[in-house]
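The chains referred to below are lettered A, B, ... by the order of the sequence lines, with proteins before strands, and numbering in each begins at 1.
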Amino acid sequence: MPELPEVETTCQGITPHLLNQGITNVIVRQAKLRWAVPASLAAKLTGQTIVSINRRGKYLLIDTTNGTVIMHLGMSGSLRIVPSTTEPDKHDHLDIVLTNHHCLRLRDPRRFGAVLWKKENPLQHKLLINLGPEPLSDAFNGEYLFKASRHRKIAIKQFIMNSHIVVGVGNIYANEALFIAGIRPTIGTGRINRQRIDQLVGAIKLVLSKAIKAGGTTLRDFTASDGRPGYFQQQLNVYNRNNEPCPQCGNTIILRQQNQRASYYCRHCQT
DNA sequence: AATCGCGCCTGACGGC
DNA sequence: TGCCGTCAGGCGCGAT
């Protein structure tokens with residue numbers, strides 16, 4: 001399940017293969033993703049050159065000489081670079097074929113992902129324009145999060161998973177960051193003091209940057225663009241560890257549903 | 001304005 | 001073995 005570290009790993013993995021490549025063809029085998037892949041995508045892209053690849057939150061932005069492809073990997077999406085003669089898998093929905101006879105291939109069994117097109121100013125796209133700051137940027141700091149958190153009644157876990165507050169924190173890393181910060185996921189956001197908000201900001205930055213270094217987290221189906229899994233799951237403290245001992249105090253890790261999401265935490269270490 | 005719950009979708013898994 | 005129900009979850013959207 002790609003969260004920010006997995007998308008970043010993918011972005012870094014595909015960039016050297018795509019940069020300055022021409023696009024000779026686009027093959028859409030399954031247009032029904034979260035939103036329909038634009039029917040005009042192939043016409044827009046064919047003959048263009050890829051000029052840069054960026055990430056904003058969990059969105060990948062592939063800039064070409066004619067406009068930008070905006071991709072989201074949803075729950076189960078992955079991108080690979082393969083020779084264009086490689087036989088597609090059942091869930092390989094889209095190929096962007098390059099002049100080097102390889103293609104960028106999108107696989108997404110659950111089809112929660114998206115492939116969109118924006119002619120110019122991709123950051124102004126409706127889905128991107130209201131996103132919160134990047135968690136690893138200086139704009140995401142204690143002052144910002146504290147201010148945003150005042151008078152909010154929502155539980156802190158849902159708050160940090162809200163992409164309008166900060167991008168890229170999905171369920172896995174929200175659980176992990178709250179554990180590191182010693183904050184119980186169910187606490188009302190507005191009741192957390194500045195010092196603890198600062199700790200939470202530090203914990204989010206720490207867990208995300210460590211996960212990027214490890215190449216992401218592979219629990220079910222994530223693999224990097226070279227097909228290798230990530231290794232951050234070995235460093236998970238609480239996620240998927242219900243009934244196991246807390247690595248800090250030895251008490252049993254609790255699992256409870258919170259807004260239809262699994263929250264894992266230690267009742268002793270997280271208050 | 002903030003919050004809540006729904007729905008999209010497939011594969012894995014457990015129970016019978 | 002095979003069938004079926006349940007769960008997982010990002011996130012936009014409509015309802016409250």
Here the distance between atom C1' of C:dG12 and atom CG of A:N130, to the nearest Å, is 12 Å
Walk along DNA chain B from 5' to 3' and tell me the first and last nucleotide with an atom closer than 4.0 Å to a non-hydrogen atom of chain A. B:dA2 to B:dG11
Touch class at under 4.0 angstrom, heavy-atom based, for A:Q30 against every strand present: nothing
Start with the C-alpha gap between A:T64 and A:Q48, add the side-chain angles, then the distance that decides, and say whether side-chain hydrogen bond (donor to acceptor under 3.5 Å, both in side chains) holds. CA-CA 6 Å; A:T64 77; A:Q48 305 301 322; 5.0 Å; no
Taking any heavy-atom pair under 4.0 Å as a contact, classify A:L33: base, sugar-phosphate, or nothing. nothing
Over 12 foreign heavy atoms within 6.0 Å of CG, A:D138: no
Atom-to-atom span, CE of A:M71 to C1' of C:dG10 - whole angstrom: 17 Å
Kindly say if A:K58 contacts the phosphate of C:dG10, meaning a side-chain N or O under 4.0 Å from OP1 or OP2. no
Return the 5'-most residue of the pair A:K90, A:R34 with respect to DNA chain B, ranking by each residue's nearest nucleotide. A:R34
In short, the helix from B:dA2-C:dT16 to B:dC16-C:dG2 is bent end to end, axes from five pairs each side, to 10°, by 40°
Should A:Y59 be listed as having a side-chain N or O under 4.0 Å from OP1 or OP2 of C:dG12? yes
Taking atom P of C:dC11 as reference, at what distance in whole Å does atom CZ of A:R56 sit? 12 Å
Interatomic distance, A:L206 atom CG to A:L200 atom CG [nearest 0.5 angstrom]: 12.0 Å
Given A:T68, A:V69, A:I62, the one that forms side chain to side chain contact (heavy atoms under 4.5 Å, CB included) with A:P122: A:T68
Given that A:N259 and A:K32 both sit by DNA chain B, which one's nearest nucleotide is further toward the 5' end? A:N259
Whole angstrom is fine here: how far is it from CD in A:Q257 over to C1' in C:dC7? 9 Å
Protein-nucleotide distance (A:N162, atom CG; C:dG10, atom C1'), rounded to Å: 12 Å
If you round to the nearest 0.5 Å, how far is CD1 of A:I14 from CZ of A:R80? 12.5 Å
Look up atom CG in A:L4 and atom CG in A:L136, then write down how far apart they are to the nearest 0.5 Å. 6.5 Å
Contacts of A:E244 that satisfy salt bridge (charged side-chain N to carboxylate O under 4.0 Å, His left out) - sequence neighbours left out: A:R241
Okay, side chain of A:N100, backbone of A:H102: is any donor-acceptor separation there less than 3.5 Å? yes
Separation of C:dG10 atom C1' from A:R111 atom CZ, nearest Å, is 16 Å
Taken to the nearest whole Å, NE2/A:H72 to C1'/C:dG12 is 10 Å
Minimum heavy-atom separation for A:G170 and A:M161, please, with both atom names. C-CE, 3.9 Å
Between C:dC11 atom C1' and A:L127 atom CG, what is the distance in whole Å? 10 Å
Only one of A:R107, A:R29, A:M71, A:Q30 forms a side chain to side chain contact (heavy atoms under 4.5 Å, CB included) with A:L94, so which one is it? A:M71
With a 4.0 Å cutoff (strictly under), does any side-chain N or O of A:R261 reach OP1 or OP2 of C:dC11? no
